[in-house]
There are 2 protein chains.
Amino acid sequence: MGSLHLDLKDCGQCPIRHRAVCSRCEPDELEVLEDIKYYRSYEAGQPILWAGDHMEFVASVVTGIATLSQTMEDGRTQMVGLLLPSDFIGRPGRETAAFDVVAVSDVTLCCFRRKPFEHLMTSTPHIGQRLLEMTLDELDSARDWMLVLGRKTAREKIASLLLIVARRDALLRKQLPSDGMIFDLPLTREAMSNYLGLTLETVSRQISALRKAEIIQLEGKRRVIVPDLEALISETGDDVDGGLIV
Amino acid sequence: MGSLHLDLKDCGQCPIRHRAVCSRCEPDELEVLEDIKYYRSYEAGQPILWAGDHMEFVASVVTGIATLSQTMEDGRTQMVGLLLPSDFIGRPGRETAAFDVVAVSDVTLCCFRRKPFEHLMTSTPHIGQRLLEMTLDELDSARDWMLVLGRKTAREKIASLLLIVARRDALLRKQLPSDGMIFDLPLTREAMSNYLGLTLETVSRQISALRKAEIIQLEGKRRVIVPDLEALISETGDDVDGGLIV
DNA sequence: GCGTGACATTGATACGGATCAAATGGTCTA
DNA sequence: TAGACCATTTGATCCGTATCAATGTCACGC
């Protein structure tokens, strides 16, 4: 299971760049792809895959948000990744899912049958190279997140998460994060707590604390305003440039 | 930066399988490799790379143990990976190290100049495919570790670490982990605490607790005996088969 | 033998986050 | 408008781990 970003072109059917599997390859592959790809939809809250499930496809998120998570026997769960549009699900060479995948909002996947996709990978090296790059980026992000889980305080964890969402949101709008920026939290307090290794009560308390300290402002429960970006960054405990963009 | 296992053959110079870069490729590459590879040694405790350092090579660990870690401004550090013989350091397409690499014991690296190695990758697809497989495995391991860091108690963390070391040790001896098995901890209490997101005092206390509960026995500070493997596994909090082999 | 220094253990106490519980607010439906 | 339901906030208390401090153990050199 991987959360990977494939560099795709527009296919006219999907709302995102989605024509060929790899933008560096010639569009000849387009015909092949039309044969092996199809779409699936999931409603908010619906499970997409359980760990151990057989997967006959790999897929790319077209719309919506999904989470990658693990659950212990007694119910403790830890989110291990966030899947956003254009992120990749599944891994070549493995038939079963390693983690649970759950739709947070309504989700559309563009699926590729696994066998033909793997064959395509061997015949077009760029795809494998791109996949390797993306996987290495994911690995770096996962390792960055280990620092957050292992060593940061609740307040620093919340600030780190807010900053990640803020940066992703800015990226989506093709802007730089800036003072006064406004964005929506895509996750419930519970989902945040599962991402951060906290309880939902602690998440709520720390968000309130950051609001009272005027590091952030809230409009409703989900919309966040960051009056001073530097102030938020300094709450994360990171050194100035720390590469925490997941 | 990646911690990757390359499937290598014996070159006669290294104590481990190390002849061609990829065992699936023809030995023609051997000549090329002899040109671009060289060796480096580091003493126990010595830093190999600091995060941000320029890297002119990628490398494979030949002997010894190294750690991959991150440190915050105020000194809190989190280990994000353990590098054992045949693990891989560096990543194609990136010139700077993403994490600190420190030799725990005396370490010998077999280094490949980065540019020629990257060229070799494009010309021999199997290498890239193997690297992708290994990176995906690393990613799964990193995500498994997130559950440990985010949701497990100190006692469960220690049990998880002991089990990982036990399994690795068994793998190295080409045996299965079994009741009564004996192994040495390669890490100090402090290094363990940095791996587990705990203090060294808590690590010491929990190891003592496991000893008093007769889950483990100790010979000196470092040698561990596991009388009943199932008992140790049940202390990790994992479901029976949980894939925690890092 | 006796220091010396690194690593580890153990004890006392403080504090951060978990837990249990109740109240608030928003949205949807009847 | 009322009622039900869900996410969220807030409060009171408890517990696990951090922190600060002292002691113990082992290897090594003189």
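Naming: A, B, ... by sequence-line order, numbering from 1 per chain.
For A/Ser208 and D/dT10, the shortest distance from a side-chain N or O to OP1 or OP2 is below 4.0 Å.
Taking only distance into account, the side chain of A/Arg189 never meets the base of D/dT10 through a donor-acceptor pair shorter than 3.5 Å. Between the base of D/dT17 and the side chain of A/Arg151 there is no donor-acceptor pair shorter than 3.5 Å. Evaluation of atom-type donor-acceptor distances gives no pair under 3.5 Å for the side chain of A/Arg155 against the base of C/dG16. The base of D/dC6 is not paired with the side chain of A/Glu190 by any donor and acceptor separated by under 3.5 Å. With hydrogens and angles ignored, no donor-acceptor pair under 3.5 angstrom links the side chain of B/Arg205 to the base of D/dG16.
Taking atom CZ of B/Arg223 as the reference point, atom P of D/dC26 lies 15 Å away to the nearest angstrom. The interatomic distance linking A/Met192 (CE) with D/dT9 (C1') rounds to 13 Å, in whole Å. Atom C1' of nucleotide C/dT9 and atom CD1 of B/Ile207 are separated by 11 Å, given to the nearest angstrom. Taking atom CD on B/Glu201 and atom C1' on C/dT13, their separation rounds to 13 Å, with Å as the unit. Regarding B/Glu219, its CD atom lies at a distance of 13 Å from the P atom of D/dC26, rounded to whole Å. D/dA7 atom P lies 12 Å from atom NZ of A/Lys221, rounded to whole Å. In this structure, B/Leu218 places its CG atom 15 Å from C1' of D/dC26, rounding to the nearest Å. Remark: C1' of C/dG17 and NZ of A/Lys157 are 9 Å apart, rounded to the nearest angstrom.
Here B/Gly197 lies in heavy-atom contact (under 4.0 Å) with sugar-phosphate atoms only. Residue contacts for A/Thr188: at a heavy-atom cut-off of 4.0 Å it reaches the sugar-phosphate backbone alone, with no base atom in range.
When distances are taken from the side chain of B/Thr202 to each of D/dT8, D/dA18, C/dT9, the shortest belongs to D/dA18. Counting only heavy atoms from C-beta on, A/Gln206 has its side chain closest to C/dG17 among C/dG17, C/dA8, D/dT17. Relative to the side chain of A/Leu198, the nucleotides D/dT8, C/dA18, C/dT9 differ in distance, and C/dA18 lies closest. Of the candidates D/dT19, C/dC7, C/dT9, the closest approach to any side-chain atom of B/Arg222 belongs to C/dC7. Listed nucleotides D/dT8, D/dA12, D/dT17 differ in distance to B/Thr153; the shortest reach to its side chain belongs to D/dT17. You'll find that the side chain of B/Thr199 is closest to D/dA18, out of C/dA8, C/dT10, D/dA18.
Contact check on B/Asp184 versus B/Arg223 returns a salt bridge, with a Lys/Arg side-chain nitrogen under 4.0 Å from an Asp/Glu carboxylate oxygen. Classification of A/Glu235 and A/Lys152 as a salt-bridged pair fails, no side-chain N sitting under 4.0 Å from a carboxylate O.
Contact check for A/Thr96 versus A/Asp53: no side-chain heavy atoms found under the 4.5 Å cut-off. Taking 4.5 Å as the limit, every side-chain heavy atom of A/Ile89 sits out of range of all side-chain heavy atoms of A/Val58.
A side-chain donor-acceptor contact under 3.5 Å links B/Asn194 and A/Arg151.
Other residues, nucleotides and ligands contribute over 12 non-hydrogen atoms within 6.0 Å of the CD atom of B/Gln46.
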